[in-house]
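Being a predicted model, the structure only gives us computed values, none of them experimental.
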Amino acid sequence: MAAEAATRHRSNTPAWLGLCLILCLAAPDVLAAANHDALKADADQFFRDRVTPFVTTYCIPCHQNKRPTRGGVNFSPALKTPGHAAFTEHWKRADARVKANDMPPKGAPQPSDADRQMFTEWLPKLKYLSDKDPGPFVIRRLTKTEYGNTLRDLFGVDPSIADGLPDEVSGQGYLNSLSSLQLEQYLNIADRVLRQIAAPPGGRPTDIEKRLFGPSITPGNDARQAARKVARSLARKAYRRPPTEAELDVLVATFDLGVRNKLAYQSALHLMLKAVLVSPQFLFITPAGDAAASSNGIVQLDDYQLASRLSYLLWGTMPDEQLMTLADNGKLHEPAVLKAQVKRLLDDRRSRALFDGFGAHWLSVGGLKRQVFDPALFPQMTTAMRQAMYDEVRLFFQSIVRDDESVIRFVDSKYTYLNGTVAEIYGLGKTVQGPEMRKVLLRDGNRGGVLGMPGILAATSFPNRTSPVKRGVWVLEQVLGEHVPAAPPDVPALDKQDQGSVAKLTLRQRTELHRTNPVCANCHKILDPIGFGLEKFDAIGRWRDRDHNGQPIDSTGELPGAKRFSGPADLKAIIAGRDADVARNLAEKLLAYALGRKLEGYDEIVVDELMADLARDGYRMRSLINGVVTSYPFLHRRIEEHRRLNEQN
């Protein structure tokens, strides 16, 4: 059935191309719209004629509205509205499973290789079923780091004042709930801030108080009017935008509460400041107010929202006065102004936040300081070593941003940053000494780039040994942007193998034995060779020629396309040759981080346009950052209430 539908579709496919050729002389925006409409029509026809029969035959029997629905996956609604954002992850997971021959399961009817190939061709077309939409707008809470940095910039306190807050998962999306325990923690931190910046009752105001509250009022002056003026100034700084009159009423009511409880003017202002610090407007990044929506419920971000989104992305803290002044004047949206501000922010030392917030998560070293290693096997993993490993990756990332290098340098570079501690891992302990991190040129072709960095190699290892599987998955997902399906739950780990029978086998031989399970073989034939190619690096990144059994390590392998390699240097060259894949993966991950959500629907078209610009510029890092900051979803938001009303009508 799927094959017959494929034949019917192929005869109709070129029909839309003529329309695009006819419109080649049209205005660019008209041409773009016509091209999108044509691609959308083609994607819809492809889905109806080819994908629907495939899903109906091979997926629906197990994944439909009827109970039980296996794996919690239901394709019945996805067949009706395949382009809906809610089903994007369904299609991606299905594509990975079908490509890996994991689905349909063994014993069920199986599609031909041609039908499997057809199904994987569907995923790139999915985006064209989406309307132009910036996606759901995330009003997110400040992360612990952002919160501490913001308190520092507002009051001059040490950002470590926020260290008691729980760690959060960075990357795509944020926890936006606010529990009673967290609110109590925020109240306690607000009290600590006040104790550090405020004079004792009856004492002379501190310099910070004078800056925040202005001069003390004299008897006979209208204290409430003065408090409202203070509230307006405080809220503008803390909310990162001008407050509404309703928000000022709430703050002044807090001041009134203090006065009714016999607090002096200055102490009542302290209470009002505490209210500011625990308000949602401070703890969350919020729009300035309701904007007039267009007919489709989409509006451009106001300049204050853009200032915050930009500043927290690149600095991990509140906008400075220059950004706020540009927002006051309505200038920040101007392309030349916005590009100049991106450069200014990236040139500032505070741009380290881009690594700590995004880069460390992307490269998987954010948890390195807490990762457990067997102290008997790896006594070198001291606190100083972990910090040096992290700093090497951080300084390397920052150098690529600072020098506007091609993103391919992440894979293949001639330099890194070392101090005497981490230099020991490289075997350069006699050359590089002392605690200071410095730029070091590398002569070993196996090093250079993230694949040979000790921090990353350690982060992708187990406590007592390397993991070719973890390293292979990391390269595929974090560097090349491929989706690797999770291992089936009933497949035993390597450590569950009969230890007597595998005692004299190398880790590669044990892994290959594991691959004899047909359920595992399809994924492992791609990811294992990559891991084997890095196997001469031990669990903390030291070079070795033999494993712990004294057996010689085989680091040769072959990737799809008959691309053979004999070790890390060759493997790096193959991956660096996939420059468009490396760049696209980084673009997708950075855009998702900037938006605080997963990419879906129209976002894929945004990335396509970004990639076209990047390719012309050699995939340079600052061009990528500028592309993200000037992208449609970064500069716009959808008003959900408007969409819900339209859907109801």
Exercise. Salt bridge between Asp44 and Arg48, side-chain N to carboxylate O under 4.0 Å?
Worked result: yes

Seminar exercise, completed: Residue set satisfying side-chain hydrogen bond (donor to acceptor under 3.5 Å, both in side chains) with Gln185, at least two apart, ordered chain then number -> none

For this session: With sequence neighbours left out, write down each residue that passes salt bridge (Lys or Arg N to Asp or Glu O under 4.0 Å) with Lys563, or none if nothing qualifies.
Result: none

Exercise. Under 4.5 Å between any side-chain heavy atoms of Val407 and Ile400, yes or no?
Worked result: no

Problem set entry | Distance (rounded to the nearest 0.5 Å) between Leu126 CG and Lys92 NZ | 8.5 Å

Exercise. Any side-chain heavy atom of Pro134 within less than 4.5 Å of one from Ile298?
Worked result: yes

Exercise. What residues form a side chain to side chain contact (heavy atoms under 4.5 Å, CB included) with Thr120, not counting sequence neighbours?
Worked result: Asp95, Lys99, Gln117

Problem set entry | Trace of the side-chain contact (heavy atoms from CB on, under 4.5 Å) decision for Phe47 with Leu79 | CA-CA 9 Å; Phe47 181 79; Leu79 283 177; 3.8 Å; yes

For this session: Please examine the side chains of Leu142 and Ile285, heavy atoms only from C-beta on, and report whether any two atoms are closer than 4.5 Å.
Result: yes

For this session: Return the set of residues passing side-chain hydrogen bond (donor to acceptor under 3.5 Å, both in side chains) with Gln341 (not counting sequence neighbours), or none when no residue passes.
Result: Gln322, Arg344

Exercise. Is there a donor-acceptor pair closer than 3.5 Å between any side-chain N or O of Glu247 and the backbone N or O of Thr244?
Worked result: yes

Exercise. So, does Ser311 use its side chain to make a donor-acceptor pair with the main chain of Thr317 at under 3.5 Å?
Worked result: yes

Problem set entry | Minimum heavy-atom distance between Asn626 and Lys339, given as atom pair plus value | OD1-CG, 3.7 Å

Exercise. When you measure from the side chain of Asp617 to the backbone N and O of Tyr619, does any donor-acceptor pair fall under 3.5 Å?
Worked result: no

Exercise. Any idea which heavy atoms bring Lys40 and Leu129 closest together, and the distance?
Worked result: O-CD2, 3.8 Å

For this session: State the CG-CZ distance between Asp613 and Arg620, to the nearest 0.5 angstrom.
Result: 15.0 Å

For this session: Return yes if some donor-acceptor pair links the side-chain N/O of Thr56 with the main-chain N/O of Thr52 below 3.5 Å, else return no.
Result: yes

For this session: Take Leu354 and Ile625 through the side-chain contact (heavy atoms from CB on, under 4.5 Å) test and state the conclusion after the steps.
Result: CA-CA 10 Å; Leu354 183 61; Ile625 296 169; 3.8 Å; yes

Exercise. Is Trp362 reaching over with its side chain to a backbone N or O of Gln478, donor-acceptor style, under 3.5 angstrom?
Worked result: yes

Exercise. Between the side chain of Asp303 and the main-chain N/O of Leu332, is any donor-acceptor distance below 3.5 Å?
Worked result: yes

Exercise. Which atoms form the tightest heavy-atom contact between Phe282 and Thr150, and what is the distance?
Worked result: CE1-CG2, 3.7 Å

Exercise. Which heavy atom of Glu146 sits nearest a heavy atom of Arg141, and at what distance?
Worked result: OE1-O, 4.4 Å

Seminar exercise, completed: Nearest heavy-atom contact between Leu346 and Ser351 is O-OG, 3.0 Å

For this session: Please examine the side chains of Leu586 and Met621, heavy atoms only from C-beta on, and report whether any two atoms are closer than 4.5 Å.
Result: yes

For this session: Report yes or no: does Arg309 contribute a side-chain atom to a donor-acceptor pair with the main-chain N or O of Phe634 at less than 3.5 Å?
Result: yes

For this session: Rounded to the nearest 0.5 Å, what's the gap from CD1 on Ile530 to CG on Leu476? Could you check?
Result: 4.0 Å

For this session: With sequence neighbours excluded, tell me which residues meet side-chain hydrogen bond (donor to acceptor under 3.5 Å, both in side chains) with Arg116.
Result: Gln110

Problem set entry | Between CZ on residue Phe284 and OH on residue Tyr239, distance to nearest 0.5 Å | 13.0 Å

Problem set entry | Partner set under ring-ring contact (aromatic ring centres under 6.0 Å, His included) for Phe119, not counting sequence neighbours | Phe54

For this session: Identify, with sequence neighbours excluded, every residue that meets ring-ring contact (aromatic ring centres under 6.0 Å, His included) alongside Tyr312.
Result: none

Exercise. Could you state the interatomic distance from CG (Leu301) to CG (Leu306), rounded to the nearest 0.5 Å?
Worked result: 6.0 Å

Exercise. With Val250, which residues qualify under side chain to side chain contact (heavy atoms under 4.5 Å, CB included), at least two apart?
Worked result: none

Exercise. Yes or no on side-chain contact (heavy atoms from CB on, under 4.5 Å) for His483 and Arg93, after CA distance, side-chain angles and deciding distance?
Worked result: CA-CA 8 Å; His483 181 76; Arg93 287 195 295 269; 4.1 Å; yes

For this session: Go through Phe355 and Val393 one step at a time and tell me if the side-chain contact (heavy atoms from CB on, under 4.5 Å) criterion holds.
Result: CA-CA 9 Å; Phe355 174 78; Val393 183; 3.9 Å; yes

Exercise. Taking side chain as C-beta onward, heavy atoms only, is Tyr304 less than 4.5 Å from Pro319?
Worked result: no

Exercise. Donor-acceptor pair, Arg622 side chain versus Val401 backbone, under 3.5 Å?
Worked result: yes

Exercise. Nearest heavy-atom pair of Ala594 and Val628: which atoms, and what distance?
Worked result: CB-CG1, 3.8 Å

Exercise. Just wondering, do Val98 and Tyr58 contact through their side chains at under 4.5 Å, heavy atoms?
Worked result: no

Exercise. Just by modelled atom types, is the Val479 backbone N or O under 3.5 Å from a matching donor or acceptor in the Asn585 side chain?
Worked result: yes

Problem set entry | With Arg471 via side-chain hydrogen bond (donor to acceptor under 3.5 Å, both in side chains) - residues at least two apart | Ser461

For this session: Could you pull out all residues at least two apart from Asp603 that satisfy salt bridge (Lys or Arg N to Asp or Glu O under 4.0 Å)?
Result: Arg597

Problem set entry | Parallel, tilted or perpendicular, as decided by the 30° and 60° cut-offs, for the rings of Phe397 and Phe410 | tilted

Exercise. With a distance cut-off below 6.0 Å to the six-membered ring centre and an angular limit of 45° from the axis, does Arg637 pair with Phe137 as a cation-pi contact?
Worked result: yes

For this session: Mind checking the CG-CE spacing from Asn149 to Met318? Nearest 0.5 Å is all I need.
Result: 11.5 Å

Exercise. Among all residues two or more places apart in sequence or in another chain, which pass the side chain to side chain contact (heavy atoms under 4.5 Å, CB included) test with Leu283?
Worked result: Tyr147, Leu178, Tyr186

Exercise. Is the shortest heavy-atom distance from the side chain of Trp315 to the side chain of Leu345 under 4.5 Å?
Worked result: yes

Exercise. Hey, does Leu338 have a side-chain heavy atom less than 4.5 Å from the side chain of Leu310?
Worked result: yes

For this session: Only counting residues at least two apart or in another chain, list the ones meeting side chain to side chain contact (heavy atoms under 4.5 Å, CB included) with Arg584.
Result: Lys127, Glu588, Glu604, Val607, Asp608, Met611

